[in-house]
There are 2 protein chains.
Amino acid sequence: MSDIPTIRDVARRADVSVATVSRILNGLSGYSDKTKQKVLAAIEEMGYRPNAIARSLNNRRTHTIGVLFPALNSEFSSALLHGIEDYAHRRQYSVLVCNTDVDGRRTMNYLKVLREKQVDGLIFVSEVLTDAYRTELAAMNIPVVLVASSDDDPRYPHVKVDDRQAAYDATSYLIGKGHRRIAMISGTADDPIASRPRIEGYEQALLDHGVAALPEWIAYGDFFYESGTLAMEALLKRGLDLTAVFAASDEMAAGAMHAAARAGLRVPEDLSIIGYDDIRLAMMVHPPLTTVHQPLREMGQEAAAKLLLMAESAQTARSLIVPHRIMERQTVRDINEINST
Amino acid sequence: MSDIPTIRDVARRADVSVATVSRILNGLSGYSDKTKQKVLAAIEEMGYRPNAIARSLNNRRTHTIGVLFPALNSEFSSALLHGIEDYAHRRQYSVLVCNTDVDGRRTMNYLKVLREKQVDGLIFVSEVLTDAYRTELAAMNIPVVLVASSDDDPRYPHVKVDDRQAAYDATSYLIGKGHRRIAMISGTADDPIASRPRIEGYEQALLDHGVAALPEWIAYGDFFYESGTLAMEALLKRGLDLTAVFAASDEMAAGAMHAAARAGLRVPEDLSIIGYDDIRLAMMVHPPLTTVHQPLREMGQEAAAKLLLMAESAQTARSLIVPHRIMERQTVRDINEINST
DNA sequence: CTGAAAGCGCTTACAG
DNA sequence: CTGAAAGCGCTTACAG
């Protein structure tokens with residue numbers, strides 16, 4: 001009595017075969033309306049629910065996707081996850097979250113688990129594929145989409161902004177406001193996605209406007225708040241007499257604002273700061289942070305959409321560069337006005 | 001050749017039965033060391049990985065748990081999720097995230113999906129159980145743990161702080177700093193977990209210190225930033241001449257700080273503010289927010305630990321009230337000093 | 001120490 | 001329109 005009813009129990013009760021119940025459950029054809037009513041009634045009475053595990057064993061589809069993040073506890077990740085989960089749910093898929101913790105071993109471990117659990121697809125967030133991952137992915141033979149990252153292998157499409165261009169635009173924006181002495185707070189030096197291209201965009205913008213780009217104008221952090229404070233302090237110590245800073249993440253920008261305040265600098269009166277990401281934090285700091293907006297939620301949705309497309313049609317999706325834009329708030333001062341006054 | 005190898009393929013290759021391969025895979029006894037080597041070699045050569053779906057069908061255990069959140073994109077949720085995921089992973093469990101979106105229908109929908117997918121347990125975050133949920137949960141017959149919420153049913157243990165006491169302590173802290181004209185920004189009025197007890201704690205602290213607790217000193221928000229700004233503005237409009245505010249979430253506290261600044265009030269010089277949660281935002285706003293610390297990450301871990309205990313031992317875990325504490329930063333001014341100067 | 005066989009709860013040709 | 005039966009990839013008594 002306390003046993004969970006199976007399709008057999010339903011069949012017995014409705015006095016039909018399990019095949020018929022299965023057909024009705026799956027909306028296939030091949031039964032009279034009378035039979036259908038009888039079966040539906042039995043299902044209702046018994047409180048029957050199909051076992052998705054058993055179903056998956058036949059179908060070889062679990063309607064579950066895996067998402068790998070390097071850091072779960074950042075707004076960046078949760079905004080993306082929100083978008084992914086949203087789309088997946090709409091399409092009746094579930095999402096398994098994996099926190100790789102910026103650690104290769106944990107990623108490999110997760111890949112093995114996800115393989116065993118037969119997920120229908122995988123989304124990598126902010127992670128660069130190593131050869132080991134590639135080997136494992138090839139063996140898994142399921143669709144993969146990268147978010148805020150990219151790979152040369154066409155089998156692994158990505159969804160991201162044009163980081164180089166976005167950094168170029170952020171820097172140009174500062175220049176447009178009359179700034180010339182612009183420093184940058186970059187993320188981890190060796191990150192080929194979120195650091196190198198942004199540095200290049202920053203340098204290119206300076207060069208295109210006749211400003212020299214010097215290494216000592218760049219300080220390195222790790223994208224998190226504390227490192228932004230440290231980087232800003234380092235920059236200040238160098239005595240560069242700067243008027244503006246471009247930070248490669250909003251958290252680092254907030255950290256920089258903190259360091260500036262501690263050094264007696266007012267933002268934006270004494271120092272202008274522009275961030276990157278436009279996570280909710282940006283609008284919650286004071287003054288609200290001018291930053292490069294990345295449509296994180298949409299990026300998550302797009303990535304999920306591509307993944308499911310690949311999972312259900314076996315075709316490979318195309319990469320997508322989503323538009324970024326400068327979100328003007330109150331941390332950048334226009335010095336042009338001052339000069340012309 | 002491109003087919004994924006199964007346990008049968010391994011058995012054939014190692015020239016043993018599938019039963020033997022299964023035993024070796026599961027670390028059971030009953031085979032010679034020579035056989036073991038042979039099988040392990042075959043597994044290695046073929047790149048075989050057991051199919052967890054098939055295994056689950058036998059075991060009736062999926063080693064997967066579900067977590068339901070009302071809002072994925074808040075630091076509050078992601079800190080909890082981080083703790084849950086962390087513990088689950090250590091114990092070889094996977095976690096399925098569900099964003100219920102403050103919407104009953106979506107919760108019921110998720111419960112059905114999680115039931116079909118045969119999760120081994122469920123964690124509800126910040127959600128009050130309705131009768132409909134209870135019915136479904138009873139039918140699922142799997143362990144459930146509540147986080148930042150609670151329920152009278154002893155089958156559903158919880159992990160949370162003592163909200164009433166925490167609010168009492170926050171308010172008392174303000175009083176200890178010489179404040180008497182203390183307003184409160186509460187969360188959604190009808191929330192029996194995160195609103196009622198905190199309001200009671202606030203009022204009790206006032207009363208215990210001989211200060212009248214009046215309804216007009218309370219403004220209501222929804223825990224998010226924007227509502228904090230609005231609530232603060234409403235409070236200011238009432239002309240209460242207040243010196244301090246207790247906000248029931250850090251986001252609302254940050255919003256209140258914003259409104260205060262816009263009204264020309266300096267924090268903490270003109271207005272003291274204390275928040276609730278101690279999410280990372282609290283240390284990133286300026287000045288850093290004094291707040292009630294909830295050990296979110298640990299709460300997530302504890303909840304997961306209780307859930308797995310229940311899932312694996314069939315005993316029911318006990319509820320846990322975790323310790324909160326006042327995290328002193330820079331948004332509360334001590335007026336005692338001033339008065340005595 | 002080892003294997004044949006039943007079974008987990010479904011789906012899906014196949015036959016009627 | 002309907003059912004018997006094989007099969008999905010494992011595990012687990014049971015027998016030897």
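In what follows, chains carry the letters A, B, and so on, assigned in the order in which the sequence lines appear, proteins first and then strands, with residues in each chain numbered from 1.
- Applying the salt bridge (charged side-chain N to carboxylate O under 4.0 Å, His left out) test to pairs two or more places apart or on separate chains, those with a residue in residues 300-317 of chain B are B:Arg91-B:Glu312.
- Nucleotides of DNA chain C with any atom under 4.0 Å from a heavy atom of chain B span, from 5' to 3', C:dC1 to C:dG9.
- Judged as a side-chain hydrogen bond (donor to acceptor under 3.5 Å, both in side chains), and not counting sequence neighbours, the contacts of A:Gln315 are A:Ser313.
- A salt bridge (charged side-chain N to carboxylate O under 4.0 Å, His left out) check over residues 58-77 of chain A, counting only residues at least two apart or in different chains, returns the pairs A:Arg61-A:Asp120.
- Nearest-nucleotide positions on DNA chain D place A:Ala19 closer to the 5' end than the other of A:Ala19 and B:Ala54.
- A:Ser32 comes within contact range of the sugar-phosphate backbone alone, with a heavy-atom separation under 4.0 Å but no base atom that close.
- A:Thr35 comes within 4.0 angstrom of the backbone, heavy atoms only, and of no base.
- The side chain to side chain contact (heavy atoms under 4.5 Å, CB included) test applied to B:Ala88 returns B:Ile65, B:Tyr93, B:Val95, not counting sequence neighbours.
- For B:Thr20 (side chain) and B:Val16 (main-chain N/O), no donor-acceptor pair under 3.5 Å exists by modelled atom type.
- Sorted by first and then second residue, the pairs that involve residues 145-154 of chain A and meet salt bridge (charged side-chain N to carboxylate O under 4.0 Å, His left out), not counting sequence neighbours, are A:Arg134-A:Asp151, A:Asp153-A:Arg155.
- For the pair B:Ser29 and B:Asn58, both in contact range of DNA chain C, the more 5′-proximal nearest nucleotide belongs to B:Ser29.
- For B:Ser22 (side chain) and B:Val18 (main-chain N/O), no donor-acceptor pair under 3.5 Å exists by modelled atom type.
- The salt bridge (charged side-chain N to carboxylate O under 4.0 Å, His left out) pairs that include a residue from residues 16-41 of chain B number zero, where partners must be two or more places apart or lie in different chains.
- A:Thr6 comes within contact range of the sugar-phosphate backbone alone, with a heavy-atom separation under 4.0 Å but no base atom that close.
- Near-neighbour residues of DNA chain C inside residues 42-51 of chain A, defined by a heavy atom below 4.0 Å, number-ordered: A:Tyr48, A:Arg49, A:Pro50, A:Asn51.
- Within the structure, ring-ring contact (aromatic ring centres under 6.0 Å, His included) pairs that include any residue of residues 302-322 of chain A do not occur (at least two apart or interchain).
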Completion exercise
Parsed dot-bracket for DNA chain D after applying the Watson-Crick and G-U rules with both distances under 3.5 Å and | for other-strand partners is |||.||||||||.|||

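- With sequence neighbours excluded, no residue forms a side-chain hydrogen bond (donor to acceptor under 3.5 Å, both in side chains) with B:Thr135.
- Among the heavy atoms of the strands lying under 4.0 Å from B:Arg60 are primed sugar atoms or P, OP1, OP2 only; no base atom is included.
- Across all strands shown, B:Ser56 has no heavy atoms under 4.0 Å from either base or sugar-phosphate atoms.
- Mapping B:Leu57 and B:Asp33 onto DNA chain C by nearest heavy atom places B:Asp33 at the nucleotide closer to the 5' end.
- Applying the ring-ring contact (aromatic ring centres under 6.0 Å, His included) test to residues at least two apart or on different chains, the pairs with a partner in residues 68-89 of chain A are A:His89-B:Tyr110.
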